[in-house]
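Each chain gets a letter, A, B and so on, in the order its sequence line appears, and its residues count up from 1.
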Amino acid sequence: MKTTSTKWMLCLALSASLVLASACGKNNNEVSPGTPATSEATSTPDDSAAESIDPFAKYDPPIEVTAVRDLPASILFREGENIDNNVWSREYEEKLGIKIKYLWTSNSDYSQRLNVSITSGDLPDIFPVDAVQLKQLVDAGQVEDLTEVFEKYVSPEARDLILKDPNQMKSATFDGKLMALPRVGSPYDSSQVLWIRADWLRNLNIPEPKTLEDVVAIAAAFTTQDPDQNSKDDTYGFALTKDLHKGGFANIQGFLNGFNAYVGAWIQGSDGKLTFGSVQPEIKNGLAKLQEMYKAGYIDEEFAVKDGSKVMEDLVSGKIGLSYGAWWNPAWPLQTVKDQDPTAEWKAYGIPALSGTTNKLQLSFPVAQYYVVKKGAKNTEAIIKLLNILVENGYSKNANIEKYFIAEDGFLYNNYPLVFVSPADGNVNIHLNMKPALENKDDSKLTGEEKGYYEKIMAYRAGDPKSWTNEGMYGLDSAWPFVKEKIDADLIQHDQFFGAPTPTMSQKNANLDKMLMETFTKIIMGEVSVDEFDKFVSNWNKLGGSDITNEVNEWAAAQ
Amino acid sequence: MNKKLVRQLPLHFMLLPGIILILIFSYIPMVGIVIAFQQFIPTNGLFGSEYIGWGNFEYAFQLPDLSIVLKNTLFISIMKIIVGLIAALVTALLLNEVRLMWLKRSVQTIVYLPHFLSWVVLGGILIDILSPSSGIIAKVFTFIGLEPIFFLGKNDWFPYVIVISDVWKEFGFNTIVYLAAITSVNPALYEAAKIDGANRWKQTWHITLPGMRPIIVLLATLSLGNVLNAGFDQIFNLYSPAVYKSGDIIDTMVYRIGLIDFQYGLATAIGLFKSIVSFILISTSYWLAYRFANYRIF
């Protein structure tokens with residue numbers, strides 16, 4: 001009996017300790033992110049009483065604001081620094097008396113993680129959300145109305161910047177109340193143009209493309225006439241990934257723009273109502289041409305299984321000389337090509353249209369992110385102050401780009417601030433300022449940021465191929481001259497729908513999108529005739545598309 | 001009786017930590033099933049969203065793709081089970097006949113190795129190997145005068161590529177289980193057979209295989225529970241819109257609906273449906289395992 005009871009005790013102790021250990025293990029994991037949520041900012045300087053408000057007034061004593069955010073995987077910090085200690089966090093603390101405490105950060109699954117936080121009600125004071133989440137949070141009354149604090153605390157410069165394009169601000173306004181700060185930006189930054197290796201054109205003695213027919217002819221020549229002159233049949237004419245019209249390069253959007261087709265955008269139909277660009281007959285013409293090009297071998301036979309990084313391999317190994325892609329392609333991936341082969345000379349050629357037609361440049365709605373304040377958070381106005389100081393340090397006349405955005409050695413600080421916005425015509429303007437400077441070799445009229453790019457361009461022209469990026473992004477061969485031309489001629493196709501997804505959209509989009517990708521891919525690969533497009537359109541309408549169209553038009557009518 | 005209970009009580013207590021962990025990590029999360037019956041909106045919390053009864057299920061079953069997706073799932077996973085079983089069994093039997101210990105050991109290890117690679121890595125490698133223009137398989141095809149095949153882009157080939165690559169990656173694991181089963185066969189039987197004049201083939205057929213039968217039946221029936229898992233990681237890394245028709249499975253569909261389009265209610269409903277079917281299959285296979293292999297847990 002004695003031995004039994006000893007064994008008994010031992011086992012009990014053992015199992016108890018195991019439970020305890022596992023319980024502790026769980027606690028340890030959850031305590032760290034859990035505690036700050038309960039211990040919120042402790043001090044509340046009450047400056048609402050003050051009559052004239054200084055938009056940069058410092059909190060004294062300092063306050064602590066909790067936040068979560070997504071960090072791009074590419075973000076870099078100076079030695080010994082991190083997201084809690086860098087030039088911007090110090091600026092927030094020293095100038096504003098705001099200490100930001102990140103409960104967590106994430107680089108790829110931000111949306112999913114945030115949804116978990118939203119579901120469990122474990123929200124920080126300030127956090128970025130997407131349009132769907134914003135609508136849900138507003139409907140559930142979980143975010144603060146910012147109308148009043150915005151009016152009261154915003155600095156004049158920040159107000160100008162954020163209200164420049166009224167639609168962007170409107171997308172964060174519900175029933176006349178401002179429920180979030182939109183991460184405003186430039187619609188032109190979504191410009192997609194044609195990039196071609198000009199050195200290959202010269203090798204083959206082909207003039208620069210003016211029309212879409214020229215583009216197809218160039219694709220043919222690049223496939224069959226050995227443009228890289230290595231006597232090997234190892235090039236193809238037209239870069240394409242399995243994501244078709246999604247993704248930043250090797251994309252068909254610009255090509256389809258040449259047919260006056262605007263894939264994925266809501267556009268005004270002939271009856272004045274909004275219709276979906278992806279189901280218009282012009283798309284069919286574009287797909288027919290792509291099918292022809294695939295059959296003729298101008299498009300990689302295997303594009304349907306290659307994602308961006310796979311196509312990138314072909315690009316870097318010099319197999320591709322023609323690709324439709326974003327204006328920033330020189331930074332990625334074209335600079336990599338240049339690094340491998342300094343003779344590669346990429347140039348932008350706009351979006352050539354079918355001969356005898358004019359087309360528009362398709363742009364997407366620039367706001368993809370909104371900054372919200374949790375309902376019941378103290379110091380609601382802190383978010384406005386974060387905006388003020390961003391604009392002050394980055395875009396005002398007192399801006400100090402080298403200190404806050406891009407260091408002189410090219411190190412990037414501009415993804416450190418929690419609240420970030422950019423001007424509605426930023427990058428176009430940089431080019432427009434750069435143009436006379438480059439032509440007259442005079443950088444005296446440039447801003448600090450522009451001077452940085454100017455010097456890089458000069459370094460490239462002096463023979464450093466590694467500095468080509470800025471020449472390609474802002475120089476004379478960049479995408480902007482063509483974009484500017486379209487802006488001046490008022491040939492811009494904005495996405496006309498910029499609300500949160502409609503109910504049918506969020507319910508049926510997965511299926512409709514699958515159908516679209518499948519049909520387009522098969523048509524291009526020639527597995528089905530191009531007439532399959534008509535069947536797709538009628539199915540699209542039947543399986544929710546016409547409901548979505550109605551909802552989008554109701555939304556438009558309510559604007 | 002009472003004495004027996006007292007004696008065994010400590011052993012039961014040792015179960016406690018396991019039971020508590022299972023409660024925390026497997027049973028409590030099941031509360032999330034309510035999402036399947038809601039028009040779930042994250043901001044409303046787990047119980048705050050509008051209940052719509054069977055709405056999500058009704059919508060899921062009238063999705064035009066569901067029948068294709070179910071068919072793909074069943075075809076791919078059943079093929080995987082059958083081919084995987086045969087491959088592992090044959091390898092185990094062959095390895096068992098190998099006399100050279102070092103050869104046997106190294107083959108065993110080598111076939112087991114791919115099991116540790118992730119599909120993200122293997123997916124990239126497979127796309128290169130199977131490429132019709134530059135892949136090594138295409139080169140072999142051209143060399144012997146055949147037209148290269150676009151394995152990952154053709155609906156006729158895609159499911160088979162999936163099955164074969166998965167079997168290649170995983171069969172080493174089952175091989176080891178079978179090898180273990182073989183070692184448990186009583187050596188006296190072989191000696192007796194030899195004396196009776198049975199050759200190697202006869203010995204395999206009449207002694208090794210019957211000796212392994214319980215394990216074979218057991219593994220085969222238990223894998224029935226996995227019939228609706230056609231392998232998300234693998235297909236997700238290899239498929240493309242061109243092969244949605246033959247390669248889209250339940251899990252990839254749930255992924256697109258739930259994580260791309262944030263339709264949590266619908267995705268949970270489909271996931272729950274899958275779990276219930278799996279549960280039925282596991283119960284059946286457990287019964288079958290008992291019936292044919294006399295295997296039981298309780």
Side-chain angles (χ1 to χ4, degrees), chain A residues 4 7-12 14-19 21-23 26 109 111-112 114-121 132-133 136-142 242-244 300-302 304-307 309-310 501 506-511 513-522 525 527 539 543, chain B residues 6-7 9-18 20-21 24-25 32 35 39-46 48 59 63-65 124 127-128 130-135 148 150-155 238-245 248 253 255-267:
Chain A
T4 325
K7 215 176 359 176
W8 219 104
M9 291 302 290
L10 197 71
C11 287
L12 193 64
L14 186 71
S15 50
S17 66
L18 275 172
V19 173
S22 60
K26 193 172 157 47
D109 55 354
S111 233
Q112 280 94 301
L114 182 64
N115 270 340
V116 173
S117 292
I118 292 175
T119 311
S120 57
V132 183
Q133 289 163 333
Q136 291 176 348
L137 287 163
V138 170
D139 287 348
Q142 291 196 346
K242 68 172 179 179
D243 298 320
L244 302 182
D300 182 5
E301 184 189 8
E302 296 151 52
V305 300
K306 290 191 171 171
D307 58 13
S309 57
K310 279 272 167 202
S506 52
Q507 200 177 28
K508 312 223 159 149
N509 230 4
N511 202 35
D513 190 57
K514 174 186 167 183
M515 207 163 71
L516 181 148
M517 295 300 286
E518 195 175 359
T519 313
F520 284 18
T521 308
K522 283 186 164 174
M525 290 174 72
E527 286 192 356
N539 279 336
L543 295 172
Chain B
V6 170
R7 205 176 59 224
L9 211 51
L11 299 175
H12 283 110
F13 264 97
M14 289 174 80
L15 278 175
L16 210 58
I20 288 174
L21 288 182
I24 291 174
F25 291 111
I35 293 175
Q39 184 79 48
F40 181 67
I41 296 168
T43 42
N44 294 353
L46 212 44
Y59 179 68
L63 275 180
D65 289 341
I127 289 174
D128 281 340
L130 297 175
S131 152
S133 59
S134 56
F150 190 5
F151 288 104
L152 292 174
K154 293 272 181 268
N155 282 310
L238 290 172
Y239 83 156
S240 59
V243 290
Y244 274 161
K245 204 176 109 202
D248 198 17
M253 182 162 101
Y255 167 81
R256 285 199 311 272
I257 293 174
L259 290 184
I260 306 270
D261 280 22
F262 301 120
Q263 290 261 62
Y264 295 108
L266 182 57

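Taken to the nearest 0.5 Å, the CZ atom of Phe40(B) stands 4.0 Å off from the OG1 atom of Thr119(A). For the atom pair CD (Glu301(A)) and OG (Ser134(B)), the distance works out to 10.0 Å, reported to the nearest 0.5 Å.
Only the side chain of Phe150(B) comes within contact range of chain A, with heavy atoms under 4.5 Å apart. Looking at Leu543(A), the atoms closer than 4.5 Å to chain B (heavy atoms on both sides) all sit in the side chain, from C-beta outward. Contact annotation for Asn115(A): both backbone and side-chain heavy atoms come within less than 4.5 Å of a heavy atom of chain B. The contact between Tyr59(B) and chain A is made entirely by side chain atoms (from C-beta outward), counting heavy-atom distances below 4.5 Å.
Per-residue heavy-atom pair counts under 4.5 Å with chain B were compared for Glu527(A), Gln133(A), Lys522(A), Lys310(A), and the maximum is reached by Lys310(A). Contacts with chain B were tallied for Lys514(A), Lys306(A), Met525(A); Lys514(A) has the most, counting heavy-atom pairs under 4.5 Å.
Closest approach of Lys242(A) and Ser240(B) over heavy atoms only: CD-CB, 4.0 Å. Of all heavy-atom pairs between Ser131(B) and Glu302(A), the closest is OG-OE1, 2.8 Å. Of all heavy-atom pairs between Ile127(B) and Val305(A), the closest is CD1-O, 3.9 Å.
Counting heavy atoms from C-beta on, the side chains of Asp513(A) and Arg256(B) never come closer than 4.5 Å.
Within the 3.5 Å criterion, the main-chain N or O of Ala242(B) finds no donor-acceptor partner in the side chain of Thr521(A).
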